[in-house]
Amino acid sequence: MATPSRQVSPHANGVSPRAYAAQNTRPQNTFRGCSRITDYEVLGKLGEGTFGEVHRARSKKTGAIVALKKILMHNEKDGFPITALREIKLLKLLSHPNILKLEEMAVESHQKSTDKRKRAIMYMVTPYMDHDLSGLLENPAIKFTEPQIKCYMLQLLEGLRYLHDNRILHRDMKAANLLINNKGILQIADFGLARHYDEPVPVAGHGGGEARRDYTTLVVTRWYRPPELLLHLRKYTTAIDLWGVGCVFGEMLIGKPILAGESDQNQLKIIFDLVGTPTEENMPGWRSLPGAEGLNIPPRPPSLSQRFRQFGSGAISLLSELLKLDWRKRINAIDALQHPYFRDSPLPAKAGDLPTFEESHELDRRKFRGQKAAPPPAPKGGTVGMGPNGGQGGWGGEAGGGGNPGYGNDNYGGYRPHQNGSRYPHAGHRGIPPSEGRRPAWQRDDRPDTRLPPRPPPVAGDQLAYDGGRSDGRDGYRSRSRDLDRERALPRSRGGAPNVDTYIPSYGPDSSRPPREDRSRDDRRRRDDRDRDRLDYDDRSRSGRTRSRSRSPTRERDRERAREREPLDRDREREIYRR
Ligand SMILES: Nc1ncnc2c1ncn2[C@@H]1O[C@H](COP(=O)(O)OP(=O)(O)OP(=O)(O)O)[C@@H](O)[C@H]1O
């Protein structure tokens with residue numbers, strides 16, 4: 001099994017990120033630096049993430065097939081995106097077989113351009129991986145075996161142990177960020193939300209421990225977000241990543257996301273349906289978390305053992321440890337690697353013995369849509385964060401039960417099939433010819449982002465209720481004003497920032513933004529807005545600027561506009577990096 005090839009020494013508290021990076025940069029020979037984009041022959045597009053397009057390419061020097069992640073400059077005047085800076089800085093520090101390696105940066109300059117203001121385009125160069133886990137799980141022809149799941153789980157936990165041992169929180173653990181190649185190697189990717197962790201590293205037998213400082217709660221894709229984050233715990237720990245591992249484990253077992261919430265409240269509800277409602281015994285202190293204020297949760301026993309009974313006691317035991325409500329007691333990566341599940345028969349497969357599959361990436365998923373026997377649902381905003389409304393996504397299918405036995409119960413709200421029987425809108429919405437659908441994304445030159453599906457009607461709301469008239473509306477959407485009320489009630493960071501997801505795109509009713517898979521290029525402007533929100537959120541705590549407690553949507557909009565005009569200086573960037 002994979003072992004760390006090089007351990008980066010944990011930095012002592014108080015050392016600046018710059019000093020830490022200087023002390024810990026991986027050996028020069030493992031990072032080549034910067035080359036020109038003309039050194040690569042671009043073969044086709046693999047995916048389009050929030051912060052950049054990803055292309056498949058061949059190195060003209062070495063012949064190696066690589067992935068080029070283009071760093072989108074949504075807002076030229078803001079300079080290099082902070083998320084990309086973070087990702088590059090962290091990846092340069094890391095070296096482990098289960099962490100995607102940053103080989104070098106490639107630059108596309110505009111030497112011939114007469115416009116001097118035009119900036120160079122930067123690309124991150126990483127080894128090409130044949131699949132992401134989410135894409136593999138959507139392929140109806142692929143059924144994971146138990147030894148295969150154990151093999152991927154061990155690699156995932158090895159990678160995470162390495163990260164946590166080196167004081168790095170990933171903060172966006174999800175199937176789409178786990179890349180797999182046809183040699184059976186799994187690598188953790190997408191460090192855009194990762195950061196240094198200013199606490200002691202996890203030790204065997206002690207879960208994730210407790211944190212002393214506050215971190216932003218605006219992290220982790222909703223479906224993979226742990227209950228303590230949904231309840232706005234700011235002193236969170238490495239345990240947030242282990243919750244995500246639990247979600248990914250369950251997803252590999254049943255073949256689709258296990259906790260596909262449609263809003264943050266609905267996410268909490270389906271979590272509690274699965275693992276039981278919180279009490280002072282199973283989640284000490286939960287009542288005093290900011291997000292628990294006014295929550296009325298009818299007691300419910302856990303259903304996890306029943307729902308996963310077909311996978312045996314070993315799998316149920318590991319899943320229960322990973323999905324423990326008490327973040328202090330949630331199993332850490334060191335202990336999870338020693339779990340009896342991995343020693344029980346059938347034993348984990350060896351990576352090299354796993355079968356190979358046809359490539360599947362973000363753009364390839366279209367070809368699997370409509371082919372699944374058991375219809376999976378449409379996501380309702382299954383992307384990073386909840387947006388200011390914390391509402392459900394605006395796109396997806398009509399309400400209805402999911403197809404998987406024991407899952408997809410409509411009462412859980414998270415699993416609703418799309419009309420085409422897919423998690424995502426039918427490929428037909430995008431007019432992809434059937435023959436095209438069989439070719440890997442990088443061989444096609446069509447673009448998925450210009451033909452969006454019609455917006456479906458809203459679905460039923462949650463059962464969890466906030467008091468004081470702040471509960472979701474009947475249609476499951478929260479009104480903006482209610483959200484503002486709720487923001488006011490929430491505790492604020494030092495600078496007065498309310499503890500809400502201000503930098504995350506909203507897929508709520510007042511957003512026309514589709515979920516990630518259906519994103520249009522034209523919505524980059526909205527991404528710009530989101531980036532500005534992100535910067536603004538982080539900046540407020542430093543500058544001491546506070547938001548007025550007497551908010552109104554109009555004043556809020558004016559403030560947004562004012563903020564848009566503010567330039568981002570280097571100090572702000574540095575401070576944002578520290579959050
Ligand atoms: N090295 C790689 N090899 C093959 N495919 C890759 C590679 N890196 C990324 N991809 C594909 O591109 C997609 C987007 O990549 P990534 O998650 O790094 O971008 P992002 O902009 O950070 O996305 P997100 O919206 O999830 O934050 C991945 O889900 C994967 O399908």
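As the structure is a computational prediction, the values presented were derived from the model and not from experiment. Remember, it's 1-based here, ligands and their atoms both numbered in the order they're listed. Residue numbers run from 1 in the order of the sequence given. All heavy atoms count here, side chains included; hydrogens, waters and symmetry mates do not.
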Backbone, side chain, both or neither: what part of [X] comes under 4.0 angstrom of ligand 1, heavy atoms only?
X    : answer
V66  : neither
S134 : neither
L179 : side chain
E87  : neither

Using a distance-only test with no angle check, is there a side-chain donor-acceptor pair under 3.5 angstrom linking [X] and [Y]?
X    : Y    : answer
N181 : D130 : no
Y162 : E158 : no
D172 : T221 : yes
H131 : N139 : no
R58  : Y128 : no

Show the atoms of ligand 1 that are less than 4.0 angstrom away from any heavy atom in [X].
X    : answer
N177 : 17 (O), 26 (O)
K174 : 26 (O)
T126 : 1 (N)
A176 : 29 (O)
A67  : 1 (N), 2 (C), 3 (N), 7 (C)
L46  : 4 (C), 5 (N)

K69 to ligand 1: N or O pair under 3.5 Å?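 Yes, at least one N or O pair falls under 3.5 Å.
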Give yes if a backbone or side-chain nitrogen or oxygen of M129 is under 3.5 Å from a nitrogen or oxygen of ligand 1, and no if not.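 There is such a contact, yes.
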Should P127 be listed as contacting ligand 1, given a heavy-atom distance under 4.0 Å as the test?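 Within the 4.0 Å threshold, so yes.
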Are R56 and E359 close enough that some pair of their side-chain heavy atoms sits under 4.5 Å apart?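 Counting from C-beta outward, R56 and E359 do come under 4.5 Å.
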Which option, L102, L68, D190, V125, owns the non-hydrogen atom nearest atom 27 (O) of ligand 1?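 Comparing heavy atoms across L102, L68, D190, V125, the nearest one to atom 27 (O) of ligand 1 lies in D190.
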Please walk me through it: do Y123 and Y40 pass ring pair (Phe, Tyr, Trp, His ring centres under 6.0 Å)? CA-CA 11 Å; Y123 295 82; Y40 292 92; 8.8 Å; no
Check E108 with R36, please: is the shortest side-chain N to carboxylate O separation under 4.0 Å?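 No, R36 and E108 are not salt-bridged.
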Do you know the tightest heavy-atom contact between R225 and I271?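 Shortest heavy-atom contact: O-CD1, 3.7 Å.
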